[in-house]
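Fair warning: this is a prediction, and the values are worked out from it, not measured in the lab. In what follows, every chain begins at residue 1, and chains take the letters A, B, ... in the order their sequences are listed.
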Protein chains: 2
Amino acid sequence: MKDIARRAGVSESAVSFALNGRPGVSEATRARVRRVAEQLGWRPSTAARALSGEGAATVGFVLARPADTLGVESFFLQLVSGIQEVLAERHLGLLFQVAPDVADECAVYRRWWAEHRVDGVLVVDPRADDPRPGLLDELGLPAVVIGGAPDVRHPGLSTVWADDAGAMASVVDELTALGHRRIVHIAGLPGLAHTRRRISTLRAEAERRGLTGVRSVPTDYSDAEGAAVTRRVLGGSPPPTALIYDNDVMALAGLAAAADLGFRVPQDVSLVSWEDSALCRLVSPRLSALSRDSAGFGRTAARELLALLDGAPARAVGVPVPRLTGRGSTGVARPE
Amino acid sequence: MKDIARRAGVSESAVSFALNGRPGVSEATRARVRRVAEQLGWRPSTAARALSGEGAATVGFVLARPADTLGVESFFLQLVSGIQEVLAERHLGLLFQVAPDVADECAVYRRWWAEHRVDGVLVVDPRADDPRPGLLDELGLPAVVIGGAPDVRHPGLSTVWADDAGAMASVVDELTALGHRRIVHIAGLPGLAHTRRRISTLRAEAERRGLTGVRSVPTDYSDAEGAAVTRRVLGGSPPPTALIYDNDVMALAGLAAAADLGFRVPQDVSLVSWEDSALCRLVSPRLSALSRDSAGFGRTAARELLALLDGAPARAVGVPVPRLTGRGSTGVARPE
DNA sequence: TGCGAGCGCTGAAGCGCATTAGTGATCGTG
DNA sequence: CACGATCACTAATGCGCTTCAGCGCTCGCA
């Protein structure tokens with residue numbers, strides 16, 4: 001900036017005014033300064049900016065998953081890609097961190113806050129009794145919870161959420177319309193909020209319809225558990241005629257397990273994956289799956305965070321209900 | 001820090017010395033200052049640190065891929081997870097960015113450099129005629145190229161590389177031992193350096209053995225192209241008896257395509273995936289695949305970057321040659 | 001006993017930017 | 001024509017930290 005000031009023949013402060021669009025300099029000077037700055041390839045030092053109270057121009061994102069289950073889901077990279085798309089418009093950086101569990105994640109937030117490293121954070125995988133909203137509220141760190149239900153206890157946090165309940169209800173609708181009455185939901189981690197929402201909605205829908213052979217079995221999202229649970233429930237008597245998997249990897253594992261047991265898909269059993277991806281289209285039969293716009297989800301979340309940083313009040317916004325893309329793995333229930 | 005100084009009854013400079021392990025204060029004072037700092041939960045402001053010449057305590061990572069092919073590979077999240085493991089030891093942050101292409105990636109590096117946002121970067125997917133090493137050399141930004149061959153033209157950059165040539169040779173060894181003589185390599189993006197290494201090694205191995213029905217077909221890594229190329233080459237006459245896919249997604253797509261055409265695996269055609277993942281174990285038959293330690297790759301790269309930041313000279317280090325895990329998709333070639 | 005060396009510490013400057021108070025010139029108005 | 005108001009700009013201060021140049025003190029040694 002000193003260089004720019006010298007070359008443009010003005011003071012440093014004038015340069016600051018000019019480049020930040022603040023009043024206090026003539027349009028002619030502003031243009032001249034801008035030109036010189038461009039010539040010199042000047043970019044403000046984020047460190048200096050941050051130090052003089054402008055914030056770190058950075059947003060934080062922590063993924064708390066055990067390392068070995070990290071790669072299996074395409075969801076997160078898509079989400080991050082959507083987030084970036086929005087952040088890039090303002091030249092905000094994304095500080096990314098993987099942590100082994102939520103306790104460590106909280107430690108990361110504390111550290112980032114103490115170090116003034118981020119202006120806000122995006123929180124994923126909200127769970128029951130989640131310590132994170134309380135912590136972030138306490139620290140006063142602007143945050144958007146991705147995938148949580150609106151949380152009345154922490155009005156400082158925004159929420160971007162998908163209507164899992166509505167989606168589950170529509171899946172049950174479709175399956176019962178096909179004649180299915182015994183449905184098993186191979187769920188994800190029981191601690192996650194959306195897992196709970198799906199489980200309780202399924203139970204409610206079953207009660208409403210008087211279905212008794214309907215239940216949820218929580219897992220750790222891994223292919224191993226997906227296959228194991230599939231084998232167990234299909235070995236029961238009578239076996240379910242439809243299975244709903246909380247992610248694509250388990251659905252694939254379940255498909256293989258069903259085939260091993262001699263179940264034909266979809267003649268003997270229908271399969272639904274609660275996550276669409278290339279995988280679902282790569283196996284035979286192709287898997288019917290709930291499609292959602294993960295990148296769009298990320299964009300929405302990022303926009304909410306920007307709004308929060310601009311001083312807008314926190315709020316909860318919904319994203320479109322995921323829709324079931326029917327493929328080859330769902331069909332009419334076999335008559336008893 | 002002012003608070004700490006006051007409470008400990010010393011000057012700010014003494015606090016700085018004490019907390020940074022620098023000489024100039026007695027051990028007693030140092031301990032006292034440390035205690036007070038801990039009580040207050042003090043953490044240095046990265047902005048201030050960066051401003052006074054200590055660097056940004058941040059490392060950059062850009063992923064230049066079109067958004068839609070982002071999620072398909074588990075490799076990157078695993079890699080990042082390994083990187084973080086090492087960076088976390090020093091409390092270094094990871095600034096993550098996805099970019100549509102290499103030109104944009106270069107722009108990101110320039111911006112980061114101008115803004116003093118990062119101390120160094122990790123570069124993935126090196127390609128032929130890559131502008132990035134030159135740029136980073138010119139900017140003087142410490143960098144580690146992940147997956148590149150050692151680059152003599154840019155001695156300022158470190159390289160962490162896997163021996164694709166050796167791996168390809170060993171795969172060809174195994175396949176020819178099974179009697180395969182017509183092998184098609186469904187390769188990845190032709191611009192990537194490791195794709196070229198694999199292609200040229202395959203050609204050399206074929207020549208060495210006098211095999212004429214061996215070739216590589218570059219693709220964009222997508223399931224669509226993987227399936228299309230599989231259909232095309234299996235429709236040829238005589239068709240190949242073994243296919244090598246440069247990633248797991250294409251291998252899966254190829255498996256489905258082969259089944260569609262009535263080819264049995266492995267009786268009619270053997271399949272090898274150059275990327276192991278849960279997917280390879282989820283299909284039937286299970287895919288034989290080259291396993292590598294992606295997280296370990298990331299750890300090695302991160303350690304090289306730390307060394308570079310500590311002033312060590314750049315160097316090239318190799319990671320273990322990926323090994324072929326034989327599963328159900330490879331078998332003896334069908335006698336003609 | 002006197003002097004230099006070294007120790008433990010303090011004060012001040014500076015990193016690059018934003019901001020506030022202040023300055024001189026120009027303008028409009030009575 | 002004189003006055004306050006406005007405009008275009010400058011000088012100075014501070015953000016939180018590191019660092020460098022002292023500064024007084026004690027200690028060892030001649």
Side-chain angles (χ1 to χ4, degrees), chain A residues 1-38 40-58 90-93 111-119 309, chain B residues 1-34 36-38 40-58 91-93 111-119 309:
Chain A
M1 262 181 65
K2 215 181 292 176
D3 282 356
I4 301 180
R6 187 149 18 85
R7 301 208 191 192
V10 292
S11 73
E12 269 189 70
S13 348
V15 174
S16 178
F17 291 146
L19 294 173
N20 291 312
R22 251 166 250 285
V25 295
S26 66
E27 282 312 313
T29 309
R30 193 185 299 278
R32 184 157 37 93
V33 169
R34 283 237 166 93
R35 203 165 348 104
V36 175
E38 193 138 348
L40 267 53
W42 178 86
R43 294 249 75 206
S45 147
T46 42
R49 267 243 160 93
L51 197 53
S52 47
E54 284 297 280
T58 307
R90 298 231 203 150
H91 294 291
L92 291 182
R111 195 153 50 74
W112 280 352
W113 172 80
E115 294 176 352
H116 301 281
R117 250 179 181 289
V118 298
D119 301 328
L309 295 181
Chain B
M1 262 182 66
K2 216 182 292 176
D3 282 355
I4 301 179
R6 187 148 21 83
R7 299 208 193 192
V10 292
S11 72
E12 269 189 68
S13 348
V15 173
S16 178
F17 291 147
L19 294 173
N20 291 313
R22 251 167 251 284
V25 297
S26 67
E27 282 312 312
T29 310
R30 191 184 300 277
R32 184 156 38 92
V33 170
R34 283 237 168 92
V36 176
E38 193 138 349
L40 267 53
W42 178 86
R43 294 249 74 205
S45 148
T46 42
R49 268 246 162 92
L51 196 54
S52 43
E54 283 298 280
T58 307
H91 294 290
L92 291 182
R111 196 154 48 75
W112 280 351
W113 172 81
E115 293 176 352
H116 300 279
R117 250 179 182 290
V118 298
D119 301 327
L309 296 181

In whole Å, what is the span from the CG atom of A/Leu51 to the P atom of C/dC15? 13 Å
Closer than 4.0 Å, any side-chain N/O of A/Trp42 to the OP1 or OP2 of C/dC17? yes
Look at the side-chain N and O atoms of A/Ser11 and state whether any lies under 4.0 Å from the OP1 or OP2 oxygen of D/dT10. yes
In whole angstroms, how far is the C1' atom of D/dC17 from the CZ atom of B/Phe17? 12 Å
Check the distance between C/dC17's C1' and A/Lys2's NZ and give it to me in whole angstrom. 11 Å
Rounded to the Å, how far apart are A/Glu12 CD and D/dG14 P? 17 Å
Shortest non-hydrogen contact between A/Ala5 and A/Val15, atoms and distance: CA-CG2, 3.6 Å
Between B/Arg22 and A/Val25, which residue's closest nucleotide on DNA chain D lies nearer the 5′ terminus? A/Val25
Quick one, B/Arg34 and B/Arg30 - any side-chain contact, counting heavy atoms below 4.5 Å? yes
Mind calculating the distance between CZ (B/Arg43) and P (D/dG16) to the nearest angstrom? 17 Å
Considering only C/dC17, D/dG16, D/dA8, which nucleotide approaches the side chain of B/Ala48 most closely? D/dG16
Are the side chains of B/His91 and B/Arg43 in touch, meaning some heavy atoms are under 4.5 Å apart? yes
Nearest to the A/Thr29 side chain among D/dA8, C/dT19, D/dC17, which nucleotide is it? D/dA8
Identify whether any heavy atom of A/Ser45 sits under 4.0 Å from a base atom; if not, whether one sits that close to sugar-phosphate; answer base, sugar-phosphate or nothing. sugar-phosphate
Side chain to side chain, B/Val33 and B/Val25, heavy atoms closer than 4.5 Å: no
Confirm from the modelled atom types if B/Ser13 and C/dG11 form a donor-acceptor pair under 3.5 Å, side chain to base only. yes
Between B/Trp42 and B/Leu19, is there a side-chain heavy-atom distance shorter than 4.5 Å? yes
Answer with base, sugar-phosphate or nothing: what part of the nucleic acid does A/Met1 contact at a heavy-atom distance below 4.0 Å? sugar-phosphate
Selection from D/dC20, D/dT18, C/dA18 that lies nearest to any side-chain heavy atom of B/Ser16: D/dT18
Compare the minimum distances between each of D/dG16, D/dG14, D/dT10 and the side chain of A/Ala14, then state the nucleotide with the smallest one. D/dT10
Starting from P on C/dG8, measure out to CZ on B/Arg30 and report it in whole angstrom. 10 Å
Phosphate OP1/OP2 of C/dG16: any A/Arg49 side-chain N/O under 4.0 Å: no
What's the CZ-P distance between A/Arg6 and D/dT10, to the nearest Å? 14 Å
Rounded interatomic separation in angstrom, taking CD from A/Glu27 and C1' from D/dA8: 12 Å
Counting heavy atoms from C-beta on, name the nucleotide in D/dC17, D/dC9, C/dC9 closest to the side chain of A/Ser26. D/dC9
